[in-house]
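Below: one structure, written as structure tokens.
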Amino acid sequence: MEFQAEACVKEYKERFLEYYDELKWLYCEIYENKMYMFNSLCSSMYQFYTGRKNSLKNIDRKRIKNPYWYKENKMEGMMMYTDAFAGNLEETRKKLDYIAECDVNYIHLMPLLDSPDEKSDGGYAVSNYRKVKPGLGSMKDLENLAEDCHKRNISLCLDFVMNHTSEEHEWAKRAKCGEAEYQKRYYFYDNYDIPSEFEKTVPDVFPVTAPGNFTWIPDLQKFVMTTFYPYQWDLNYQNPVVFNEMVYNILNLVNKGIDVVRIDAVPYIWKQPGTNCRNLPQVHNIVRMLRIICEIVCPGVLLLGEVVMAPDKVVPYFGTLEKPECHMLYNVTTMASTWNSVATRDIRLLRKQMDIVNSLPKEYTFLNYLRCHDDIGWGLDYKWLIQFGIEENSHKEYLNSFLTGQYPGSFARGELYNSDPASGDARLCGTTASFCGIEKALADGDNKGLEKAIQLDLMLHAYMLVQSGIPVIYSGDEIGQENDYSYHQIPGKKEDSRYLHRGNFNWKLAEKRTKNGSVQQKLFDGIKKLGNIRKRHIVFDARADVWTVDTYDNALLCLIRKYENEKLVALFNFSEYDKTAWINEDDGIYKDLLLNKEMMAKDIYMPAYGIRWLLKK
Ligand code: GLC
């Protein structure tokens, strides 16, 4: 029976009717003749709306009035694993004072839904979307945490792992028992004919730790598609039951008070033989439907797309201005280019990347970060770099050698990730502090080296904070937490070097943030000061015009921001040598916001790893 919008509450009806045609069109495009499924989606959406708490509906209404809320320069985020940060959800709730002390008003809690202990990929193999992993607490704890966050004006982001379920998920278990209905929710094949077709065109995500895209299930004598780890079974979104049910899982979560849904590994959700099974047009169709569904049911909720791809693949996930898809995307190429600049002391590629980002519509919001829970991949623009004689393979080798501390004179400490001897390719893991040299300097008792390392760490944070969008700090980076090598001894973790930078938050170390002159105090206060300046000045608003200017030195990056009556000249020295930025913004007196000193924006002395934020009124 067709869903009757007439009977709905007024605000819902209006929103539903605004999007109805487009939603129906998109649905029918991929699920032809499945109108009964569409109608059941529509009625369930309304049930989720009616089940949404009034407090959340009020937040929705407030955000509809100010759709700009998440783009404001007062936004600052932090990401963390619940267990690594505080043990569980309830303890995390008790630590909100610390979060507030960091001036953070957006937290991303890494996957916390139920997943097996060992085969969990850090929680990215979900066995039950309606249950919190028991060690972390309950759905009630999650709701309480969200409520307390809202009282403090903190938004809560949670992962939604949508490409696959754990092999322990009820659907997977029933599929394993031979139930055809559940097998149809995954990609099952009786023999290797079709899988071998896929393998010709689909690259490996984990070429070393999980090569191949299919797994043989002996009990069933069938292959199942597993793009990531063998225990993560790819969901078949060509089956509308999968789409509908996953939408219900999302809506159930947001009704617990989640503000931002991080749609994990979204480019992978549609598969077709003969393609690389990434970014297919149907993926955009599905993301647009998710956006519409949220706009109707919970319009205050944002979608953060996890698209770790080249820029030309990332940007389409914003959709168009008329038909937006994700509200936010990771600024992944900028992040990787930043570490390229650290290792090479050369900002030319980073500057080019900034110019690309700054030329995009200002409505597109990026999530800026120095590192996250995942590895750093070297998806750099090698076609452009080759003009300087920089060739892909040898350059990646250099970056990895430098950032793992192998290269002579390197201050960095990190480990390779999925180093593939066949292709010579490898990615990289490590914490910001360890990459910046804090770990090495402390181990060597090298005070001078330590000062430089702290300065580099602060400079990188200043650079992250100067960009438009939401800056997100990885929990622990604010106190300079080093690599955690203990994962080498832990079964289920030791094969995955990403655990190197996912260590437990060290509360003992955090206490030192109040001890004058400690590494922790310098970083904590330094980052806080930068963040506060960012929040105070309208020039950091995402509506600002942003451009780069030449400094006539490849190690010095200069960014200019202009908005309303403010202009900011921001300079960053990516080298360990003192330098001069040969700029000439010759229009009066500027104030150095960090030194509180007046100066001209002309021929500026830049100490090693120095930062200048010069404001002209
Ligand atoms: C995303 C996550 C990553 C995980 C993968 C598979 O890329 O960030 O940690 O391994 O999805 O779910």
Side-chain angles (χ1 to χ4, degrees), residues 77 79-84 108-116 118-127 129 133 157-169 172 186 202-213 215 224-235 237 246 249-250 260-269 271 277-279 283 287 303-310 313-314 317 326 328-333 335-336 367 369-377 379 417-418 427-430 472 474-475 487 492-493 495-503:
M79 62 183 294
M80 67 266 287
Y81 277 97
T82 308
D83 50 350
H108 171 193
L109 293 182
M110 304 304 294
L112 47 75
L113 297 180
D114 205 7
S115 70
E118 278 206 3
K119 296 180 173 180
S120 90
D121 184 21
Y124 285 99
V126 177
S127 53
Y129 290 87
K133 196 173 166 74
C157 170
L158 222 65
D159 278 87
F160 188 74
V161 185
M162 63 181 303
N163 176 68
H164 43 258
T165 72
S166 151
E167 62 180 353
E168 298 294 318
H169 187 278
Y186 300 94
V202 184
D204 289 343
V205 175
F206 302 134
V208 180
T209 44
N213 291 285
T215 300
V224 69
M225 191 174 218
T226 52
T227 303
F228 291 82
Y229 281 111
Y231 52 82
Q232 291 166 315
W233 292 11
D234 288 65
L235 285 166
Y237 280 88
M246 292 304 272
N249 284 332
I250 293 182
V260 182
V261 180
R262 175 188 183 272
I263 39 181
D264 178 62
V266 64
Y268 300 82
I269 60 175
K271 278 82 176 177
C277 295
R278 274 115 168 108
N279 311 302
V283 175
V287 178
L303 294 180
L304 162 64
E306 194 231 355
V307 185
V308 179
M309 306 256 160
K313 301 289 183 300
V314 173
Y317 285 88
C326 294
M328 285 191 291
L329 294 167
Y330 286 89
N331 204 345
V332 55
T333 303
M335 183 277 291
L367 196 145
Y369 62 121
L370 292 174
R371 60 102 168 185
C372 65
H373 67 296
D374 278 333
D375 50 293
I376 300 172
Y417 177 70
N418 266 270
R427 281 124 72 178
L428 194 76
C429 296
V472 176
Y474 194 97
S475 161
Y487 84 95
K493 288 190 174 170
E495 294 78 19
D496 193 333
S497 50
R498 290 176 299 177
Y499 287 101
L500 180 70
H501 52 241
R502 295 175 179 174

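Counting starts at 1 for both ligands and their atoms, following the listed order.
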Protein residue, atom and distance nearest to [atom], heavy-atom basis:
atom                    : answer
atom 10 (O) of ligand 1 : Asp121 OD2, 2.7 Å
atom 9 (O) of ligand 1  : Asp374 OD1, 2.7 Å
atom 7 (O) of ligand 1  : Glu306 OE2, 2.8 Å

**Prompt:** Parallel, tilted or perpendicular for Phe228 and Phe206, by the 30°/60° rule?
**Reply:**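 Phe228 vs Phe206 ring planes: perpendicular.
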- Task: Flag the pair His164 / Tyr124 as yes when their ring centroid distance falls below 6.0 Å, and as no otherwise.
- Result: no
Open item on the list: For the OG1 atom of Thr82 and the NZ atom of Lys133, what is their distance to the nearest 0.5 Å?
Closed with: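 One finds 11.5 Å between OG1 of Thr82 and NZ of Lys133.
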One should read off an interatomic distance between Asp204 CG and Asn213 CG, to the nearest 0.5 angstrom, of 5.5 Å
| task | Return yes when Arg262 approaches ligand 1 closer than 4.0 angstrom through a heavy atom, no otherwise. | result | yes
*asked:* Using heavy atoms and a 4.0 Å limit, tell me yes or no: is Phe206 in contact with ligand 1?
replied: yes
For atom 11 (O) of ligand 1, the option (of Val126, Asp264, Thr227) bearing the nearest heavy atom |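 Considering heavy atoms of Val126, Asp264, Thr227, the nearest to atom 11 (O) of ligand 1 sits in Asp264.
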Under 4.0 Å from a heavy atom of [X]: which atoms of ligand 1 are those, numbered in the order shown and with their elements?
X      : result
Phe228 : 5 (C), 6 (C)
Arg498 : 3 (C), 4 (C), 9 (O), 10 (O)
His164 : 6 (C), 12 (O)

Report task. Using the six-membered ring of Tyr474, assess whether NZ or CZ of Arg371 lies under 6.0 Å from its centre and within 45 degrees of the ring axis. Result -> yes
Is any side-chain N of the basic residue among Asp121 and Arg498 closer than 4.0 Å to the acidic one's carboxylate O?
yes
- Between Thr226 and Thr215, does a side-chain hydrogen bond (donor to acceptor under 3.5 Å, both in side chains) hold up when you go through it step by step? CA-CA 6 Å; Thr226 52; Thr215 300; 2.6 Å; yes
